[in-house]
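Comments concern the structure below.
These figures come from a predicted structure and were not determined experimentally.
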Amino acid sequence: MAASEGVLLGMGNPLLDISAVVDAAFLAKYDIKLNDAILAEEKHLPMYDELSSKSNVEYIAGGATQNSIRVAQWMLQTPGATSYMGCIGKDKFGEEMKKNAQAAGVTAHYYEDETAPTGTCAVCVVGGERSLIANLSAANCYKSEHLKRPENWALVEKAKYIYIAGFFLTVSPESIQLVAEHAAAHNKVFLMNLSAPFICEFFRDAQEKVLPYVDYIFGNETEAKIFAKVRGWETENIEEIALKISQLPLASGKQKRIAVITQGADPVVVAEDGKVKTFPVILLPKEKLVDTNGAGDAFVGGFLSQLVQGKSIEDCVKAGCYAANVIIQRSGCTYPEKPDFS
């Protein structure tokens with residue numbers, strides 16, 4: 001069945017990716033680790049200009065949730081099947097973001113902040129692996145007042161599936177809670193992502209508060225291990241961790257939780273109903289890898305594109321793997337004009 005208008009809603013931090021290939025010395029200079037995702041500190045601020053001055057720099061609309069929504073929209077090919085909310089600045093980058101969402105076919109209701117510039121994310125690529133340093137700026141200014149405006153809340157009402165990356169927990173836990181409770185009360189599907197080790201470690205309370213409402217939780221192996229570690233689970237076994245996450249307490253009205261953990265080139269782990277299944281990913285020869293930026297987001301986007309059509313978990317994972325495979329062969333979270341997924 002074709003996806004209905006506005007069936008999928010995302011809320012998160014819209015960021016413009018400033019992406020460039022760098023070297024190990026650059027990482028050392030700014031004290032950053034590969035495959036990490038962190039928030040910018042004072043010491044990182046000069047890095048954005050340095051990246052911008054590189055000859056190979058690219059500017060790509062990003063932000064984890066927005067990436068996933070754009071990929072789902074691309075996979076669905078039904079204009080307006082998806083919508084998105086987040087906060088941008090009133091500036092050139094913000095205008096870029098609006099144009100990009102429109103071109104992607106996503107219905108975006110951005111909150112525009114008068115004072116802060118549009119958020120950026122430094123994407124440092126070394127040997128195809130990426131490190132992300134987000135300077136949230138305007139993205140950090142999202143307020144639940146925007147969400148409550150009738151024209152915006154209408155997107156929540158229309159949606160049957162709502163996805164929010166864990167990164168938004170640092171910005172507006174109140175907005176997340178409103179949407180999570182709405183989903184529980186109206187039998188809608190609410191999905192989240194562990195998103196980054198620092199979210200699991202330093203925003204544990206906010207994460208804990210919303211988890212009972214989460215029907216599907218996504219994450220990668222590094223995040224899953226940290227999630228387990230902060231809870232004293234004493235295991236690094238991904239299948240065990242996925243199972244434990246799926247069995248954490250549920251809010252009333254919620255039937256079950258499905259945990260989906262990706263492991264790069266290793267199989268995807270899905271825990272559901274006390275059982276674990278693994279699904280192999282599409283392997284890519286190293287020489288075809290451009291960068292892993294957006295791979296996890298694309299996996300979620302592909303997964304969502306099938307879920308909203310009522311497909312099986314197996315089909316959802318297959319679509320997720322397909323989308324991730326397309327994205328890692330390109331720079332940033334970008335894709336060809338049409339998918340060829342069947």
Atom of W233, atom of I241 and distance for their closest heavy-atom approach: CZ3-O, 4.0 Å

Enter the distance from [X]:[atom1] to [Y]:[atom2] here, rounded to the nearest 0.5 Å.
| X | Y | atom1 | atom2 | result |
| --- | --- | --- | --- | --- |
| L289 | R330 | CG | CZ | 14.0 Å |
| C316 | L307 | SG | CG | 4.5 Å |
| L8 | T78 | CG | OG1 | 11.5 Å |
| Q255 | N187 | CD | CG | 7.5 Å |
| I60 | C121 | CD1 | SG | 10.5 Å |
| E95 | E112 | CD | CD | 6.5 Å |

Assess the side chains of [X] and [Y]: does a donor N or O sit below 3.5 Å from an acceptor N or O?
| X | Y | result |
| --- | --- | --- |
| N13 | Y142 | no |
| T118 | D91 | yes |
| Y59 | S52 | yes |
| T115 | D113 | yes |
| E174 | S144 | yes |
| N152 | H146 | yes |

Would you list the atom pairs, donor with acceptor, under 3.5 Å between side chains in residues 263-285 and any protein atom, with sequence neighbours excluded?
| residue | atom | partner | partner atom | Å |
| --- | --- | --- | --- | --- |
| Q263 | NE2 | P267 | O | 2.8 |
| E272 | OE2 | K256 | NZ | 2.5 |
| D273 | OD2 | K256 | NZ | 3.2 |

Between [X] (side chain only) and [Y] (backbone N and O only), is there a donor and an acceptor less than 3.5 Å apart?
| X | Y | value |
| --- | --- | --- |
| H186 | A183 | no |
| Q309 | S305 | yes |
| Q77 | W74 | yes |

Tell me, do [X] and [Y] make a side-chain contact under 4.5 Å, heavy atoms counted?
| X | Y | result |
| --- | --- | --- |
| T334 | I327 | no |
| V7 | E5 | no |
| M192 | I176 | yes |
| R149 | Y111 | yes |
| K338 | D340 | no |
| I162 | V156 | yes |
| M85 | Y110 | no |
| Y48 | I18 | yes |

Which pairs of donor and acceptor atoms, one on a side chain in residues 25-34, lie under 3.5 Å apart (sequence neighbours left out)?
| residue | atom | partner | partner atom | Å |
| --- | --- | --- | --- | --- |
| K29 | NZ | E50 | OE1 | 2.8 |
| Y30 | OH | E50 | OE1 | 2.6 |
| D31 | OD2 | K43 | NZ | 2.8 |

Given the options L136, N135, N140, L39 meets side chain to side chain contact (heavy atoms under 4.5 Å, CB included) only with L136

If we check side chain to side chain contact (heavy atoms under 4.5 Å, CB included) with K225, which of these qualifies: I261, T235, I238, N237? I238

If the threshold is 4.0 Å, N to carboxylate O, is there a salt bridge linking [X] and [Y]?
| X | Y | answer |
| --- | --- | --- |
| K99 | E96 | yes |
| K148 | E145 | no |
| R231 | E208 | yes |

[X] [atom1]: over 12 foreign heavy atoms closer than 6.0 Å:
| X | atom1 | result |
| --- | --- | --- |
| K209 | NZ | no |
| E337 | CD | no |
| E314 | CD | no |

Starting from the C-alpha separation in whole Å, work towards a yes-or-no answer on side-chain contact (heavy atoms from CB on, under 4.5 Å) for L191 and L304. CA-CA 9 Å; L191 313 93; L304 289 169; 3.6 Å; yes

Would you mind writing out the side-chain donor-acceptor pairs for residues 210-220 within the sub-3.5 Å range, not counting sequence neighbours?
| residue | atom | partner | partner atom | Å |
| --- | --- | --- | --- | --- |
| D215 | OD1 | K254 | NZ | 3.4 |
| D215 | OD2 | F190 | N | 2.8 |
| D215 | OD2 | K254 | NZ | 2.6 |
| N220 | OD1 | T222 | N | 3.1 |
| N220 | OD1 | E223 | N | 2.9 |
| N220 | ND2 | E223 | OE2 | 3.2 |

Ring-face cation contact, F202 with R204, 6.0 Å cut, 45° max: no

Using the side-chain contact (heavy atoms from CB on, under 4.5 Å) rule, take D36 and L132 through it: C-alpha gap first, then chi angles, then the decisive distance, then the call. CA-CA 6 Å; D36 205 0; L132 308 175; over 6 Å; no

Name of the residue among Y335, F299, F341 meeting ring pair (Phe, Tyr, Trp, His ring centres under 6.0 Å) with Y322: F341

